[in-house]
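Step one of this worksheet: look at the structure below.
These numbers were taken from a predicted model, which means no experiment stands behind them. Starting from 1, each residue takes its place in the sequence as its number.
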Amino acid sequence: MPTARIIDLAAKSQEITENELPVALLYFGERVPVRDWQELFFIAVKCLYTEFPETINSLCSTDPTRTLFLRTNTIDMIRPKKIASIIYLETDRSPKQILKAIKFILTRADVRSVQMRIEVCEPLYPESYFAKPTVKVLDVPPPKRPRTPKPVLHLNQTIEEMLATLDAMEPYAPKSAPVVLPHATAYGRAEPQVYGNLFFMLEGERHGPFENEKTRYVALMQCLAELYPYEILKEAGRHINSMHRLTLMKGASYLYFREPVELPNNLFLDKDFPDRVLVENERYYLARCGLYFENVMFGA
């Protein structure tokens, strides 16, 4: 297993190797997992903005010819990320440039009490390990596999059965394609997009269809936050799902979310989860509101 090491951003020098990748951002003892250097850069600067907004604002540039990483517009920016209402961060930077930029913000803020560190490690396999072989391989047809019945998802299944079925359905996931309706071509209208049987019903009102499980999950949580505000507010910062991550936070805590969505009452929802975990989250919040998953979710 690769061994991880900690880079202290308060130190004078932060030396890294070309193969090292970030694992997490350690901010005042809290460990925030990250996927790459760009995500780490975005989360670190967003955390620093909550502590030193004046310093971040002073570093912003309105001149597109300058090469600063903070601007008030996205002109000529390659991979901008929104930090505040009119502040954007250029995340298209190398690891050494990212460390230098974070250190530059801390220096301009003139603080020494910020505990911000980065956990890095080398990958278990180098990139050359996944390179395609150069040796010519004979064209041998693969052996035929026996046909197996495709798993089917039923709303009357238990949560364990539904999660297992969703895992088994991943290899059979079809590519999304529009469905042609007869009346559309008869009247010369544009063919509408039909997304399947993702619906739900609350307070006698039917919502849907939805493009995928993620859009349905966001719409359901917005309805629950409006119809059951007291029950949903009580769950902010409490629910940890099978991926050991929080799904609902209040106020500025959404800075740690990967894909935050704003709900009523200053609540923020993280929608960056696979479908099997979204079903688990839906069951949890419906139960907290006194509703049953089977009575709310249904097919077309």
Side-chain angles (χ1 to χ4, degrees), residues 1-53 55-56 59 69-70 78-84 87-130 237-249 251-260 268-274 277:
M1 294 294 293
T3 57
R5 70 184 186 93
I6 304 299
I7 298 177
D8 190 359
L9 294 174
K12 293 184 178 180
S13 62
Q14 300 92 17
E15 296 295 334
I16 58 172
T17 62
E18 296 181 356
N19 296 330
E20 286 182 322
L21 299 174
V23 178
L25 176 69
L26 306 176
Y27 188 59
F28 285 103
E30 186 167 358
R31 186 177 185 273
V32 184
V34 295
R35 291 173 288 192
D36 49 30
W37 284 105
Q38 286 70 31
E39 184 181 28
L40 181 139
F41 191 26
F42 170 66
I43 295 178
V45 175
K46 204 166 186 181
C47 292
L48 292 175
Y49 180 78
T50 60
E51 298 289 338
F52 316 105
T55 301
I56 300 295
L59 294 176
F69 52 89
L70 285 165
I78 301 176
R79 297 179 62 182
K81 288 286 186 179
K82 192 173 183 180
I83 298 297
I87 300 178
Y88 299 91
L89 174 70
E90 176 59 272
T91 59
D92 186 41
R93 293 289 186 267
S94 65
K96 291 184 179 180
Q97 291 175 336
I98 290 174
L99 293 178
K100 186 177 180 180
I102 299 175
K103 180 69 175 180
F104 180 65
I105 296 176
L106 295 175
T107 304
R108 290 291 297 268
D110 194 17
V111 293
R112 300 179 182 178
S113 59
V114 174
Q115 301 177 8
M116 181 173 286
R117 297 178 296 171
I118 302 174
E119 182 180 347
V120 297
C121 71
E122 293 187 359
L124 185 62
Y125 299 102
E127 294 183 1
S128 58
Y129 180 85
F130 300 98
R238 296 180 57 184
H239 175 49
I240 300 180
N241 54 29
S242 59
M243 294 189 71
H244 307 289
R245 284 172 51 194
L246 288 170
T247 62
L248 187 70
M249 295 291 287
S253 301
Y254 77 95
L255 292 172
Y256 304 116
F257 285 172
R258 293 178 178 174
E259 293 187 35
F268 291 88
L269 177 76
D270 191 358
K271 65 176 182 178
D272 182 38
F273 293 100
V277 180

Run the salt bridge (Lys or Arg N to Asp or Glu O under 4.0 Å) test against [X] and tell me which residues pass, sequence neighbours left out.
X      : answer
Glu20  : Arg5
Asp8   : none
Arg238 : Glu235

Determine, stepwise, if the pair Met116 / Leu25 fulfils side-chain contact (heavy atoms from CB on, under 4.5 Å).
CA-CA 7 Å; Met116 181 173 286; Leu25 176 69; 3.8 Å; yes
Under a 4.5 Å cut-off applied to non-hydrogen side-chain atoms, are [X] and [Y] in contact?
X      : Y      : answer
Leu40  : Ile102 : yes
Leu70  : Ile56  : yes
Pro80  : Leu89  : no
Val32  : Tyr27  : no
Val120 : Ile7   : yes
Pro260 : Lys271 : no
Gln38  : Pro22  : no
Asp36  : Glu39  : yes

One pair to check against side-chain contact (heavy atoms from CB on, under 4.5 Å): Ile118 and Ile6. What are the steps and the verdict?
CA-CA 6 Å; Ile118 302 174; Ile6 304 299; over 6 Å; no
Please answer whether the main-chain N or O of Arg93 pairs with a side-chain N or O of Gln97 as donor and acceptor at a distance below 3.5 Å.
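It does not hold such a pair.
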Interatomic spacing from [atom1] in [X] to [atom2] in [Y] - rounded to 0.5 Å:
X      : Y      : atom1 : atom2 : answer
Ser242 : Phe273 : OG    : CZ    : 9.0 Å
Thr91  : Ile98  : OG1   : CD1   : 7.5 Å
Lys103 : Arg108 : NZ    : CZ    : 14.5 Å
Asn241 : Leu248 : CG    : CG    : 11.5 Å

Where do Arg117 and Phe28 land on the side-chain contact (heavy atoms from CB on, under 4.5 Å) test, with the steps shown first?
CA-CA 9 Å; Arg117 297 178 296 171; Phe28 285 103; over 6 Å; no
Counting only heavy atoms not in Lys81, do more than 12 fall under 6.0 Å of its NZ?
no
Sequence neighbours left out, what passes side-chain hydrogen bond (donor to acceptor under 3.5 Å, both in side chains) with [X]? Give chain and number order.
X      : result
Glu90  : none
Glu119 : Arg31
Arg79  : none

Regarding Asp270 and Arg245, does a basic nitrogen lie under 4.0 Å from an acidic carboxylate oxygen?
yes
Show the nearest heavy-atom pair for residues [X] and [Y], with the distance to one decimal.
X      : Y      : answer
Phe257 : Phe268 : CE1-O, 3.2 Å
Ala101 : Phe69  : CB-CE2, 3.6 Å
Ile105 : Thr55  : O-CG2, 4.0 Å
Trp37  : Leu99  : CZ3-CD2, 4.1 Å

Can you check side-chain contact (heavy atoms from CB on, under 4.5 Å) on Phe42 and Val34, steps first, answer last?
CA-CA 10 Å; Phe42 170 66; Val34 295; over 6 Å; no
